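To start, the structure itself, in structure tokens.
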Amino acid sequence: MTELLEKVYLCCMVAGLAIPLFHLIAGGVGSALDFDFDFDFDGALDGLLPLNLMGIAFFAVLFGAIGRLCLHRMNPWLSLLAGTAAGLCGWYLLGRFLIRPLHAQHSAALRMQQLRWQEGTVKLEIRRDFVGTITVLSSVGSLITYSARPIAGVDKIEVGERVMIVEVDEKERICTVSPLGDGGAGILPAG
């Protein structure tokens, strides 16, 4: 029984560490192929234990680690109980204090179309031949960084300058920005 449980605990630890790694690689491949690999179960956050991939992986790691640690110090059935209790407790705490707050903030973040006519600050110089970055204040008060290019007729916008987002390309996820200048009015496109 002890040998079998040791193998089960080891498999759970390996799987619990491999799942986030696979999720990260699949997300990178999905971004490169312009395909969304979403393995989380949206809308399943209402229960005591949020049903998502990272919560399950965290449970598996804790179950395996605590179970294996306790296996040689106590009865195999008690190690199974201790591993399960630790895994469930960790899963609950991860969901309660990390996953739920992150999901709550996600819905309040700005969508690309909501960026039009928002003000931002240049963080990486924007040039006609180079895509720079801007930061925009989200509705929850955090700064979000977006790629940006200047409007036609503007060659360069320096770091620290205030800009107005005049157009958004959702497919490329790039904002077209106009410098606000000293008077607060940017160079707006005709039409």
Side-chain angles (χ1 to χ4, degrees), residues 17-47 50-58 91 93-191:
L17 294 173
I19 288 171
L21 182 62
F22 173 74
H23 193 254
L24 181 68
I25 291 170
V29 169
S31 292
L33 299 176
D34 200 24
F35 184 78
D36 185 22
F37 283 107
D38 187 11
F39 297 105
D40 283 336
F41 316 104
D42 292 334
L45 294 170
D46 298 333
L51 183 60
N52 66 29
L53 201 58
M54 293 306 122
I56 294 169
F58 195 61
W91 188 358
L93 293 173
L94 180 76
R96 172 75 173 90
F97 295 108
L98 185 67
I99 295 172
R100 281 192 181 126
L102 286 175
H103 268 267
Q105 282 187 355
H106 178 68
S107 62
L110 293 173
R111 291 182 180 80
M112 285 298 284
Q113 278 304 321
Q114 292 174 317
L115 290 173
R116 280 188 77 170
W117 311 118
Q118 296 285 324
E119 289 186 27
T121 305
V122 177
K123 288 297 173 192
L124 180 62
E125 183 179 77
I126 302 168
R127 297 190 315 248
R128 188 169 27 100
D129 62 338
F130 180 76
V131 174
T133 60
I134 60 169
T135 56
V136 178
L137 195 61
S138 74
S139 57
V140 293
S142 61
L143 290 174
I144 303 173
T145 303
Y146 295 97
S147 298
R149 63 179 163 230
I151 63 168
V154 175
D155 289 331
K156 182 165 104 174
I157 306 174
E158 299 286 335
V159 172
E161 281 191 51
R162 301 284 301 155
V163 293
M164 175 75 67
I165 300 171
V166 295
E167 193 55 55
V168 181
D169 185 340
E170 285 189 65
K171 185 172 170 62
E172 292 185 30
R173 301 196 58 78
I174 296 178
C175 303
T176 302
V177 297
S178 171
L180 284 176
D182 295 331
I187 303 169
L188 300 178

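Everything quoted here is computed from the prediction, not taken from an experiment. Basis for what follows: all heavy atoms, side chains included, without hydrogens, waters or symmetry-related copies.
Remark: Arg128 engages Asp155 in a salt bridge (charged side-chain N to carboxylate O under 4.0 Å, His left out) (not counting sequence neighbours). In this structure Val159 satisfies the side chain to side chain contact (heavy atoms under 4.5 Å, CB included) test together with Glu125, sequence neighbours excluded. Under the side chain to side chain contact (heavy atoms under 4.5 Å, CB included) criterion, Ile19 pairs with Leu53, Ala57, sequence neighbours left out. A search for side chain to side chain donor-acceptor pair (under 3.5 Å) contacts involving Lys123 returns nothing, not counting sequence neighbours. Partners of Leu143 according to the side chain to side chain contact (heavy atoms under 4.5 Å, CB included) rule, which considers only residues two or more places apart in sequence or in another chain, are Thr135, Leu137. Looking at residues two or more places apart in sequence or on another chain, you find no salt bridge (charged side-chain N to carboxylate O under 4.0 Å, His left out) involving Glu170. Scanning for side chain to side chain donor-acceptor pair (under 3.5 Å) contacts around Glu167 gives an empty result, with sequence neighbours left out. Under the salt bridge (charged side-chain N to carboxylate O under 4.0 Å, His left out) criterion, Arg162 pairs with Glu119, sequence neighbours left out.
Sorted by first then second residue, the salt bridge (charged side-chain N to carboxylate O under 4.0 Å, His left out) pairs that include residues 17-26, not counting sequence neighbours, number zero.
The two residues Leu94 and Met54 come nearest to each other via the heavy atoms CD2-O, 3.8 Å. Pairing each heavy atom of Ala148 with each of Val177, the nearest pair is CB-CG1, 4.1 Å. Contact record, Leu115 with Cys175: CD1-SG, 3.8 Å, taken as the closest heavy-atom pair. Heavy atoms only, all atoms of each residue included: Ile157 and Pro179 are closest at CD1-CD, 3.9 Å. Phe58 and Trp91 make their closest contact through CD2-N, 4.1 Å (heavy atoms, listed as atom of the first residue, atom of the second, distance). Across every non-hydrogen atom of Ile126 and Pro150, the tightest pair is CG2-CD, 3.2 Å.
With rounding to the nearest 0.5 Å, the separation of CE in Met164 from CZ in Arg116 is 11.5 Å.
At distances below 3.5 Å, at least one donor-acceptor pair connects side-chain atoms of Thr133 with backbone N or O atoms of Leu124.
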Item to check | Ile165 and Ile134: CA distance, side-chain angles, deciding distance, side-chain contact (heavy atoms from CB on, under 4.5 Å) verdict | outcome: CA-CA 10 Å; Ile165 300 171; Ile134 60 169; 3.7 Å; yes
